[in-house]
Protein chains: 2
Amino acid sequence: MELRTLRYFVAVAEELHFGRAAARLHMSQPPLSRAIRRLESDVGASLFDRSPAGVALTPAGAVLLDEARDLLDRADRARARVAAAAGAATLTVGILGDEGDGGGPGAAALAGTFRRRHPHAEVRVRDADLTDPTCGLHAGAVDVALTRGPFDETGLSVRALRTDPVGALLRADDPLARHGSLRPADLADRRWFRFPVGTDPLWQAYWSGGELREGPMVRAVRECRQAVLWNGTVGMTLLGHEPGEGLVVVPLTGLPPSRVVVAWRTGEANPLVRSFVRIVVAAYRG
Amino acid sequence: MELRTLRYFVAVAEELHFGRAAARLHMSQPPLSRAIRRLESDVGASLFDRSPAGVALTPAGAVLLDEARDLLDRADRARARVAAAAGAATLTVGILGDEGDGGGPGAAALAGTFRRRHPHAEVRVRDADLTDPTCGLHAGAVDVALTRGPFDETGLSVRALRTDPVGALLRADDPLARHGSLRPADLADRRWFRFPVGTDPLWQAYWSGGELREGPMVRAVRECRQAVLWNGTVGMTLLGHEPGEGLVVVPLTGLPPSRVVVAWRTGEANPLVRSFVRIVVAAYRG
DNA sequence: GGGGGCGATACCGTACGGGTATCGTCCCCC
DNA sequence: GGGGGACGATACCCGTACGGTATCGCCCCC
């Protein structure tokens, strides 16, 4: 007799209809039927009379409906009290700014889900520029980062969410722009944009086509586009996004795809971090 | 926040020691640690201070301990009330008498487990003789049968619990008794004991070596032994049991092994049946 | 400095809870 | 009276999550 099962039971008892109850619970009807059957064998009593005419509560079911509502109510209040006793809780989330992640659920939606689950907690979302892919995880500026690899993962726990193929960002009038795909060697003589000194080396190397090269320095996606547009520089970006006026993206082969990840400091004490991670993983899966 | 998790939490909060709490819960320590971590991220608060010195409750943990005890208490009472509202519940269990099942948990142990889970219910155990392997399932004399195949399964649901190899039951001074194994054909000219008229044909055929033969009529295991001992009759029995004074069991090849099963009428309304089946299956697995 | 206690982590197997597809049954209506 | 629709049950599949064992990391203490 778990609380989730009791929630199922209350839904069926209120709807008196398995199909509608399942819809209300955002699940399909067969698992709901099974869960109720199991609940019945668990408490050792029939809870519903299933007659062709419809579903009706048995006396035992009526008693359980009462008790279940009470239990669920108290469980909710218990949660609230615990949260209150825990005092002010804060979670600082870092996301890779500007472009962020086009195909994902979006930071706003994630923060919303999180706030619904933890109404007492304060969520701060902090945008990072392309200088630090960890958004300040190492430095302690954020508790959890929703970002993109690769970066130095020592001391961090990482869960992959998705992988995206990458492409070269070129001016539309570049001779290479008409190729169907390119390899890094094809761009060996070009200048690539790079990031300010102190940027994570793995990150720097990956997004500069495999090695550091001379080129304009950028901090944000917008600056990358400008750098490509204004001079012969090339850059890397994700496939599938609209590259912008006067620009073209050509798929790059021979490079590992870029991973969207959620990362946090290993052994982090703040329990909200794990909760956020679970929400993010679930959102990217669904 | 499920009730099971809260039981875990209370155990840890009372022991203030993960290892001991795990022992009390009859589980190992790692899953317990994980469950508590998950609970913490679920409620969004740290519940324990894990210091090298030991484990201590946080303020939030203290609040939850209070609430959890209350919830678990009320859940127990809810169960009791539902059971009371359901009125007198009865489960009649049929077991194949006399020998029953040597290697299994035993009907007494199973009934004990069941009574602990359903204190309000009345359990009646009914021994059957070898005449009816279903112990009166078809006739409605019992709700669930813990028995041995094969038998007519129409209208019944069956779950297999174990299979046992079978052997021929012979007098120790029988010339065939010294063989390492026998096939039914080796016993073609012998008389086999048989069961009273009206016995399930599948059952009758299986335990008479593949066909019906003339021979003494028996109703119980004891009678089988006597029949073999007193005249040249042969019979079938299970390997691994002590056959008794003056008797020998020789393995029989070429026959499907005998299945120990739990069976009930398909679509049975009594929810105690499913509960009993679950208990039996768990007991045979563990 | 080494050993022991204890919680955390890693990894694996199983079972349960979710899904889709289909059935059986009853009702209703043409 | 037969066909179709509504609805709960069943069959089957799959992923997750919860159990387990083995091992690590850390601190304490002798």
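Order of the sequence lines sets the chain letters (A, B, ...), proteins ahead of strands, with each chain counted from 1. If you're wondering where the values come from, they're calculated on a predicted model, not measured in any experiment.
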| said: Here's a test of your reading of the structure: between A/R20 and B/S28, which maps to the more 5' nucleotide of DNA chain D? | reply: A/R20
| query | Using a cut-off of 4.0 Å on non-hydrogen atoms, how would the nucleic acid contact of B/R38 be classed: base, sugar-phosphate, or nothing? | reply | sugar-phosphate
| said: Taking A/R79 first and then B/D42, would you say they form a salt bridge - that is, a charged N and a carboxylate O separated by under 4.0 Å? | reply: yes
| Of the listed nucleotides C/dA10, C/dT20, C/dG18, the one nearest the side chain of A/M27 | C/dG18
| query | Nearest-Å distance, CG (A/L25) to P (C/dG18)? | reply | 9 Å
| Quick one: are the ring centres of B/F18 and B/Y8 less than 6.0 Å apart? | no
| Salt bridge or not for A/E14 and A/R69, using N-O below 4.0 Å? | yes
| query | In whole angstroms, how far is the C1' atom of C/dG19 from the OH atom of A/Y8? | reply | 12 Å
| Should A/D164 and A/R162 count as an ion pair when the cut-off is N to O under 4.0 Å? | yes
| message | Any base atoms under 4.0 Å from B/R34, or only sugar-phosphate, or nothing? Heavy atoms, all strands. | response | base
| request: Taking only Lys NZ, Arg NE, NH1 and NH2, and the carboxylate oxygens of Asp or Glu, determine whether B/R265 and B/D143 approach each other closer than 4.0 Å. | output: yes
| task | May I ask you to check whether B/S51 and B/D49 show a side-chain donor-acceptor distance below 3.5 Å? | result | no
| query | Which part of the nucleic acid, if any, lies within reach of B/S33 when heavy atoms closer than 4.0 Å are counted: base, sugar-phosphate only, or nothing? | reply | sugar-phosphate
| With sugar-phosphate meaning primed atoms plus P, OP1 and OP2, does B/F48 contact a base, only sugar-phosphate, or nothing at under 4.0 Å between heavy atoms? | nothing
| remark: Contact span of DNA chain D against chain A, any nucleotide atom under 4.0 Å from a heavy atom, 5' to 3', runs D/dC7 to D/dT16
| task | Report which part of the nucleic acid B/R4 touches: base, sugar-phosphate, or nothing (heavy-atom distance under 4.0 Å, all strands). | result | sugar-phosphate
